[in-house]
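Working notes for the structure below.
Protein chains get the first letters and strands the later ones, always in sequence-line order, with residue 1 at the start of each.
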Amino acid sequence: MSAVLDHPGAHAHDEAHDHPHGWRRWVFATNHKDIGTLYLLFSFAMLMVGGILALLIRAELFKPGLQLVNPELFNQFTTMHGLIMVFGAIMPAFVGFANWMVPLQIGASDMAFARMNNFSFWLLIPAAVMLVASFFMPGGAPAAGWTLYAPLTLQMGPSMDAGIFAMHIMGASSIMGSINIIVTILNMRAPGMTLMKMPMFCWTWLITAYLLIAVMPVLAGAITMTLTDRHFGTSFFSPAGGGDPVMYQHIFWFFGHPEVYIMILPAFGIISHIVPAFARKRLFGYTSMVYATASIAILSFIVWAHHMFTTGMPVTGQLFFMYATMLIAVPTGVKIFNWIATMWRGSMTFETPMLFAVGFIFVFTMGGFTGLILSVAPVDIQLQDTYYVVAHFHYVLVAGSLYALFAGFYYWSPKWTGVMYNEWRGKFHFWGSLIAFNVTFFPMHFLGLAGMPRRYADYPMQFADFNMVASIGAFAFGLMQVYFFLFIVVPVMRGKGERAVQRPWEGAQGLEWEVPSPAPFHTFENPPKLNAAANRVLG
Amino acid sequence: MSTMKSINTLWSAGRRQVARIGLGAAAMLTTTLALAVNDLPGGPAVRQLDLHPAVTRIAAEQRGLHYLMLAICGVIFLGVFGVMFYSILKHRKSKGAKPANFHESTTVEVIWTIVPFVIVIGMALPATKVVVAMKDTTNSDITIKATGYQWKWGYDYIKGDGEGVSFVSTLDTTQRVMSDLGKPEGDNYLLKVDNPLVVPVDRKIRIITTANDVIHAWMVPAFGVKQDAIPGFVRDTWFRAEKTGDYYGQCAELCGKEHAYMPIHVKVLSQPDYAKWVEARKKEMAAKADDPNKVWDQVALIARGEKVYSANCAACHQANGKGGGPVKPLDASPVVVDADKGKQIHVVLNGQNNGAMPPWRQLSDTDIAAVITYTKNHWSNQTGQTVQPAEVLAARK
């Protein structure tokens, strides 16, 4: 039986902590580890659904001309790919990591609100079902782009309402998850673990959780206004009644820009654990890492309109948002420099987690550079809404967030499952993904520079070759992730592989490595006594 | 129904696609060769790697800024990753590297905060100048209003030479057919329109954008111009083309299902040629102008209505009048067959369902009368009713 799914005897002595078995263990789950597992499995399932949509898009774009789908269905694919990946795959995956790792890293017995934790996970299921089922509603799924710009959303069929409700529910789930994480981190740290001794992953999640609480209601407001414009005769965004479509964009991106940091800050946290572990050297500039994370979070609130340079802002508006956006490069740069300084004169080995971490730093930084190029308003005028933007955000979301999630999986799965993944397979997954990723997305920079607009079901024939290359890369990338699930995730979940020791990585630091592998069902039931650095349990 | 149908087509087509991919790289190469295509001057080039060759000063400045950014980022890239890969090669456990103990240095951290800050200022200064120049739409020679419709562009020359000229620019219909058949052809595939926008060289052209239904974006890469066209609002941008020729762009803001099929073609003429074009265009318009009080016979109206229908209505309601998905059928529609002609006139003029059926006020009275007469006497709708332009004119008030 599975190591994740089975915890023989570890708690048998403890009647008060008995828990249900079988399906009831998962439906009524209150244990942070079980809920973390549920979140991770859910997000992987959504990654596959979103991935299939991406491959349908790439299959259609393999050649110019319409071969597989009509443009209407194509727009549904792009829209649903975006929504599912952002709200179904990336965000819940990080919440899954937080559930598993935050209590272990701060020496707490569980999350602060165990039942709310259960609720915030199970809310995701109806939301995801409603979102995916919208394909089968009259008129098909929402097709207004994941940004759901008005007034196009006002023309959509009933599935738009299903999409809006799904996002309301996911938003509620995110807010509950965030409250749980904040309360856990602020109140349940083991004695001696002051905030400035706290692991970076907890720091980045603490900041992320505040961002979520600040912006998810803003999104809820924007889509609720869309809903009332659609059905209750209001005209927030409908120009026919004096509404302002650009107002929607302002509100959406006031949510949307912090949202992109919500999807990357926890990734920074994961990388900040893995690089020191495999360089066998302490993280360089811990304090500046914390401050850099906080600065990025604060700046993320004042840059939103750089998504809107082509809407026709006044000169001063363009200049302000251009300057503010460029400023973000400074704290982000600090983080990259800190990671490299951590590697410098370390004693490095390159197991799969480290490969993904180095791959993250390398490829994410390329996405950072294209972000900097896009921040220059006159250049953005050329590149806005072209494939250059598509390339940019996949460099930061796939090579950024997703790679960090993979890195985190390889790093912590021995603790979760009690067995080591197969190192050769992990390395194959890394190199295959890295190559396929770049084959897919690098040519998109050229397409964007040449002016190919995004969300196009068909394109002029001059763009054919790079599109074909991108499509081939995309299928290879998709296959690598199926390989990852079947040949790496499934075996470790079933407990197949070399037994993992308590601290499988020589240089790994932190309280999660102070408990056995696999982590018992209940950990740190009594607050541990910590050493001065708060990374070891005494006695 | 249509969803199920499209999913079915999708499924069978998906199997074909999988089989096709299975054929491997050699087959792919032959497919590419089969698509013989050349660079389109003023439009995209085959495997183009860079921004379009600049035809305006702003586009040249954008290109310059892009090179500057690439150079700065390239240098930082080499520096940062040079250090990282050196470290990766040298500081390995397998090479006997022992970990050092340092983990902070205020000096280094202050330096690598301040240096990027200075570099960012170095980027911002030249960019600021271009932003200011780009946004200066004053003192234009000619002002043209570009209106985005689902899915075509309307152009109205509202000031300067050519004032009063007005036309609609639509994708050449053969292109849309080629797209559906999956058999694209031609260097200007999806970029060919019936009526290009015509402007004189070396004149400051101010483009005012707005839209009729949803947001569109008017983009011409060679001019360095991209401006959203927002319903209910006007925005502006400008360009001064320095070379005559044909320049192409496409709609750059998702605007519904035919988003990929509303290109922009700008023809830049020498000033004498432009003057001739304006004159010819004005004569043509005077000849075409219909007297809304003329009384037409039904056959002529239906013949004209068929053209109006295929140019404006068939994209959603389909040639067979059955609509699809949220688009209502016209065939056997209660509004169309109603004895009260006013109902259909009202819907066509004012739209319905939050603009899902957009208002068509921009069409002439005669066109609207023709298309309504056509729908009332086509498919199974044999009402025998005729709508005269004067009735439409009366309903507009």
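- Interface residue Gln318(A): only side-chain heavy atoms are found under 4.5 Å from chain B.
- Heavy atoms closer than 4.5 Å to chain A are found in both the backbone and the side chain of Leu65(B).
- Here the side chains of Trp218(B) and Thr310(A) are not in contact, with every heavy-atom distance at 4.5 Å or above.
- Side chains of Gln62(B) and Val376(A) form no contact here, defined as non-hydrogen atoms less than 4.5 Å apart.
- For the pair Gln150(B)/Gln155(A), a side-chain contact is recorded, criterion being any heavy-atom separation below 4.5 Å from C-beta on.
- Heavy atoms closer than 4.5 Å to chain A are found in both the backbone and the side chain of Phe117(B).
- For Thr106(B), no part lies under 4.5 angstrom from a heavy atom of chain A.
- Most heavy-atom pairs under 4.5 Å with chain B: of the set Asp244(A), Val246(A), Leu447(A), this distinction falls to Asp244(A).
- Contact annotation for Asn38(B): only backbone heavy atoms (N, CA, C, O) come within less than 4.5 Å of a heavy atom of chain A.
- Contacts of Leu152(A) with chain B are made by both backbone and side-chain atoms, with heavy-atom separations under 4.5 Å.
- Proximity to chain A is limited to the side chain of Met134(B), based on heavy atoms less than 4.5 angstrom apart.
- Residues Arg47(B) and Phe466(A) have side chains in contact (heavy-atom distance under 4.5 Å, counting atoms from C-beta outward).
- Using a 4.5 Å cut-off between heavy atoms, Cys251(B) contacts chain A through both its backbone and its side chain.
- In plain terms, the two heavy atoms of Thr311(A) and Gln227(B) that are nearest each other are O-NE2, 3.3 Å.
- Aromatic rings of Tyr456(A) and His259(B) (six-membered ring for Trp) have centroids within the 6.0 Å cut-off, being under it.
- For the pair Lys281(A) and Phe102(B), the cation-pi criterion (under 6.0 Å, within 45° of the ring axis) is fulfilled.
- Not one N or O on the side chain of Arg345(A) forms a donor-acceptor pair closer than 3.5 Å with the backbone of Ala100(B).
- Between Leu449(A) and His66(B), some side-chain heavy-atom pair lies under the 4.5 Å cut-off.
- Using a 4.5 Å cut-off between heavy atoms, Asp229(A) touches chain B through its backbone atoms (N, CA, C, O) alone.
- In this structure, Phe85(B) has its ring center under 6.0 Å from that of Phe362(A).
- Heavy-atom distances place no part of Leu68(B) under 4.5 Å from chain A, backbone and side chain included.
- Not counting sequence neighbours, the partners of Glu506(A) by the salt bridge (Lys or Arg N to Asp or Glu O under 4.0 Å) test are Arg280(A), Lys93(B).
- Of the atoms belonging to Ala217(B), not a single heavy atom falls under 4.5 Å from chain A.
- Below 30°, between 30° and 60°, or above 60°: for Trp112(B) and Phe337(A) the angle between ring planes is between 30° and 60°, a tilted geometry.
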Identify all side-chain donor-acceptor contacts of residues 324-334 of chain A below 3.5 Å with residues at least two apart in sequence or on another chain.
unit_1	atom_1	unit_2	atom_2	d
Thr325(A)	OG1	His306(A)	ND1	2.7
Thr325(A)	OG1	Phe321(A)	O	2.5
Thr332(A)	OG1	Ile328(A)	O	2.7

